[in-house]
Amino acid sequence: MKDFIHKNFLLQNDTAKMLYHEHAENLPIIDYHCHLNPEMIAQDYQFRSITELWLGGDHYKWRAMRANGIDEKYITGTESSDWEKFKKWAETIPYTLRNPLYHWTHLELKTAFDISETLNPSSARRIYEQCNQLLQTPAFSARGLMKKYHVELVCTTDDPTDTLAYHQTITKSNFDIKVLPTWRPDRVMNISTAPAYQAYIEKLSEASGISITNFDDLIQALKVRHQYFSQNGCKLADHGMGKIPCAEYTHSEIVTIFRKLYEGIEPTEEEKQKYQTAMLLILSEMNAEAGWTQQYHYGPLRNTNSKMMAQLGPDTGFDTIGDFQCAEALVKIFDRLNSNNKLAKTIIYNINPSANDMVAAMIANYQDGSIAGKMQFGAGWWFNDQINGMLRQMNALSEQGLLSRFIGMLTDSRSFLSYPRHEYFRRILCNMIGDDIEKGLLPQCEMKQIKQMVEDICYYNAKNYLQL
């Protein structure tokens, strides 16, 4: 019987096979957006089990297990053993058929552990023990896994108050894979409550060495930390939002809103929108002045299950796709930045696929000829990083812009086993292009250009765009 994951997995015609095996398969990985823990890389962390590595923080898997009727104690609970949790995941896997988790799981087993057997209750114990045995060896440490997957660079996601001490340790260790920080200032922009904001401002004040008592102090402290990130190799910013803020405001209003927050007074919803708009513009201008690339991730509704939020906290699998209308807001933000010559290279990721054509068309409004693909439509994000989601994103970009200038895939993951998502993307890309050629939609006589396009999307565009 043919292995489920084989060398031509997802490659459904001869042209696709040629493009993948000769022009995509062996290129290094540039993972320019992820949520890996830099401490684990600095310490070259050795995982105690496949459960810790696979299930320790993966809310994709947690959502599937809950949908399969698995009790929370086997998902995020502390009273269950690693084996008990893995066993419940193995029980869930047969029910994930047609979910991307089924493909990802078996790609990871094959590429990391050379396991061709499908995971199910009868194979669970064998796979669990085989993986755990390998995880005790140096080749399967945090750094070992990065090397195994031919990773060239990763960019982590870091708060402005982070010391970046672990990044510094990694740099000093002469690790041959670059690990750079990414500036993620969501907590200074997205107000939750006045007390939470007060506590964060105190933390930012300590990190920057600036006593923050007014709005101008806040901006100065952010500039200090922004420069500190630059000094530590940062080249990207990332801004996570629900609805894109675009309220009209005056500087005096923002000063007053900060004063309210500083004094512990809750701002109104209108004031929050004004404050978030001002902060997004100011932070985006900083990014342009530093020569960074900025990323806008927008559209999710977060922490929708208040009961589980109280029990487990954020990032535990209870976020969803929002249906915000953000075209006018993006125009207002980008047009203001562009008019002031402060629009940085920008990557936009939308979580709702209904916005694909809008985003693909939006980026064309602000391409300025200064760099190829200055404005980017980011890869299918979160609920869209599966076959159809990736194809929808690339088709929209192809129809509205230049797919050839696309900077390709990223993991957006907390797991050191997520690198096969790059392989998954590359196979899907090559099959899409190969299918077009086989159907006569792309010309055989331009094969040299097509081959280069595949290589560029998989690797070279990101390397050149991010100046790595």
ask   = Could you walk me through whether F47 and F416 pass the ring pair (Phe, Tyr, Trp, His ring centres under 6.0 Å) check?
value = CA-CA 10 Å; F47 297 91; F416 288 86; 5.8 Å; yes

query = How close do T250 and E253 get, heavy atom to heavy atom, and via which atoms?
reply = N-OE1, 2.8 Å

key: Ion pair E22/K451, N-O distance below 4.0 Å   = no

inquiry  = Just checking W104 against Y60, ring centres under 6.0 Å apart?
reply    = yes

request  = For the residue pair Q43 and E39, confirm or rule out a side-chain donor-acceptor distance under 3.5 Å.
outcome  = yes

query = Are R426 and V454 close enough, and set up right, to give a side chain to side chain contact (heavy atoms under 4.5 Å, CB included), and what steps lead you there?
reply = CA-CA 8 Å; R426 292 174 181 185; V454 168; over 6 Å; no

side-chain hydrogen bond (donor to acceptor under 3.5 Å, both in side chains) between E399 and N395, intermediate numbers included = CA-CA 6 Å; E399 291 165 356; N395 282 327; 5.9 Å; no

key: side chain to side chain contact (heavy atoms under 4.5 Å, CB included) partners of Q231, counting only residues at least two apart   = Q227, Y228

Derivation and outcome, side-chain hydrogen bond (donor to acceptor under 3.5 Å, both in side chains), residues S230 and W292 = CA-CA 9 Å; S230 277; W292 289 0; 3.0 Å; yes

task = Ignoring hydrogens and angles, state whether a donor on the side chain of S418 or S413 is under 3.5 Å from an acceptor on the partner side chain.
result = yes

query = Are any non-hydrogen side-chain atoms of K7 and K17 less than 4.5 angstrom apart?
reply = no

query = Do the ring planes of Y275 and F258 sit parallel (below 30°), tilted (30 to 60°) or perpendicular (above 60°)?
reply = parallel

inquiry  = How long is the straight-line distance from CE of M390 back to CG of N388, given to the nearest 0.5 Å?
reply    = 10.5 Å

key: Residues in ring-ring contact (aromatic ring centres under 6.0 Å, His included) contact with H35, at least two apart in sequence or another chain   = H33

query = According to the salt bridge (charged side-chain N to carboxylate O under 4.0 Å, His left out) rule, which pairs have a member within residues 374-392, sequence neighbours left out?
reply = D368-K374, D385-R421

query = Does a side-chain heavy-atom distance below 4.5 Å link Y424 with F9?
reply = yes

key: Student check: side-chain heavy atoms of I348 and F377 closer than 4.5 Å   = no

inquiry  = Is it the case that the side chain of K110 and the backbone of D3 share a donor-acceptor pair, with hydrogens and angles ignored and the cut-off at 3.5 Å?
reply    = no

key: Pairs where residues 314-327 contributes a residue and the test side chain to side chain donor-acceptor pair (under 3.5 Å) is met, not counting sequence neighbours   = none

Check residues 234-242 and write down every donor-acceptor pair under 3.5 Å in which the side-chain atom is one partner and the other belongs to a residue at least two apart or another chain.
from, atom 1, to, atom 2, distance (Å)
D238, OD1, H297, ND1, 2.7
D238, OD2, R184, NH1, 2.5
H239, NE2, N287, ND2, 3.0

request  = List the steps and the verdict of side chain to side chain contact (heavy atoms under 4.5 Å, CB included) for Y298 and C326.
outcome  = CA-CA 9 Å; Y298 88 91; C326 291; 3.7 Å; yes

ask   = Can you tell if the side chain of I41 reaches within under 4.5 Å of the side chain of R143, non-hydrogen atoms only?
value = yes

ask   = Under the ring pair (Phe, Tyr, Trp, His ring centres under 6.0 Å) rule, what pairs show up with a residue in residues 319-344, not counting sequence neighbours?
value = Y296-F334, F334-Y366

query = Taking only residues two or more places apart in sequence, or in another chain, which ones meet M308 in a side chain to side chain contact (heavy atoms under 4.5 Å, CB included)?
reply = E72, N305, Q311, L312, F318

Min side-chain heavy-atom separation K172-T169 under 4.5 Å = no

ask   = Taking atom types as modelled and ignoring hydrogens, do the side chains of N26 and Y20 form a donor-acceptor contact shorter than 3.5 angstrom?
value = no

key: pair T105-W54: side-chain heavy atoms closer than 4.5 Å   = yes

task = Answer whether the closest heavy-atom distance between the side chains of I457 and M394 falls below 4.5 Å.
result = no

ask   = Where do I333 and L337 land on the side chain to side chain contact (heavy atoms under 4.5 Å, CB included) test, with the steps shown first?
value = CA-CA 6 Å; I333 295 295; L337 292 169; 3.9 Å; yes

note = Closest heavy-atom pair, C34 versus T411, reported as atoms and distance to 0.1 Å, is CB-OG1, 3.5 Å

query = What do the steps show when you test I433 against I450 for side chain to side chain contact (heavy atoms under 4.5 Å, CB included), and what is the final call?
reply = CA-CA 8 Å; I433 299 299; I450 290 168; 3.6 Å; yes

Within-4.5 Å side-chain heavy-atom neighbours: I363 and Q376 = no

Any pair counted as side chain to side chain donor-acceptor pair (under 3.5 Å), so long as it reaches residues 434-444, sequence neighbours left out = T15-E438, D435-K439

Residues that Y32 engages under ring-ring contact (aromatic ring centres under 6.0 Å, His included), provided they are two or more places apart = none

message = I'd like to know whether E152 forms a salt bridge (charged side-chain N to carboxylate O under 4.0 Å, His left out) with K463, so could you lay out the CA-CA distance, the side-chain angles of the two residues, the decisive distance to 0.1 Å, and finally the verdict.
response = CA-CA 10 Å; E152 182 175 297; K463 187 177 182 70; 2.9 Å; yes

inquiry  = Please find the pair of heavy atoms, one from D217 and one from I212, that lie closest to each other, and give the distance.
reply    = CB-CA, 3.6 Å

ask   = Any idea which heavy atoms bring T182 and F229 closest together, and the distance?
value = O-CE2, 3.9 Å

task = For F140, check ring-ring contact (aromatic ring centres under 6.0 Å, His included) against everything at least two apart and list the hits.
result = F113

task = Keeping to residues at least two apart or across chains, list the salt bridge (charged side-chain N to carboxylate O under 4.0 Å, His left out) pairs with something in residues 336-351.
result = E289-K342

ask   = Between the main-chain N or O of I170 and the side-chain N or O of S173, is there a donor-acceptor pair closer than 3.5 Å?
value = yes

message = Please tell me whether Q220 and D216 have a donor and an acceptor in their side chains that are separated by less than 3.5 angstrom.
response = no

task = Flag the pair K274 and E270 as a salt bridge only when some basic side-chain nitrogen lies within less than 4.0 angstrom of an acidic carboxylate oxygen.
result = yes

task = Applying side-chain hydrogen bond (donor to acceptor under 3.5 Å, both in side chains), run through Y465 and Y460 and close with a yes or a no.
result = CA-CA 8 Å; Y465 181 79; Y460 291 104; over 6 Å; no

request  = Please name all residues satisfying ring-ring contact (aromatic ring centres under 6.0 Å, His included) with Y419, sequence neighbours left out, ordered by chain then number.
outcome  = Y149

message = With rounding to the nearest 0.5 angstrom, report the CE to CG distance, M65 to L55.
response = 6.0 Å

request  = Ignoring hydrogens and angles, tell me if any N or O in the side chain of N13 forms a donor-acceptor pair with the backbone of A16 under 3.5 Å.
outcome  = yes

ask   = Does any donor atom in the side chain of N232 or Q168 lie under 3.5 Å from an acceptor atom in the other side chain?
value = yes

inquiry  = Walk me through whether Y349 and Q393 qualify under side-chain hydrogen bond (donor to acceptor under 3.5 Å, both in side chains).
reply    = CA-CA 10 Å; Y349 308 87; Q393 184 269 345; over 6 Å; no

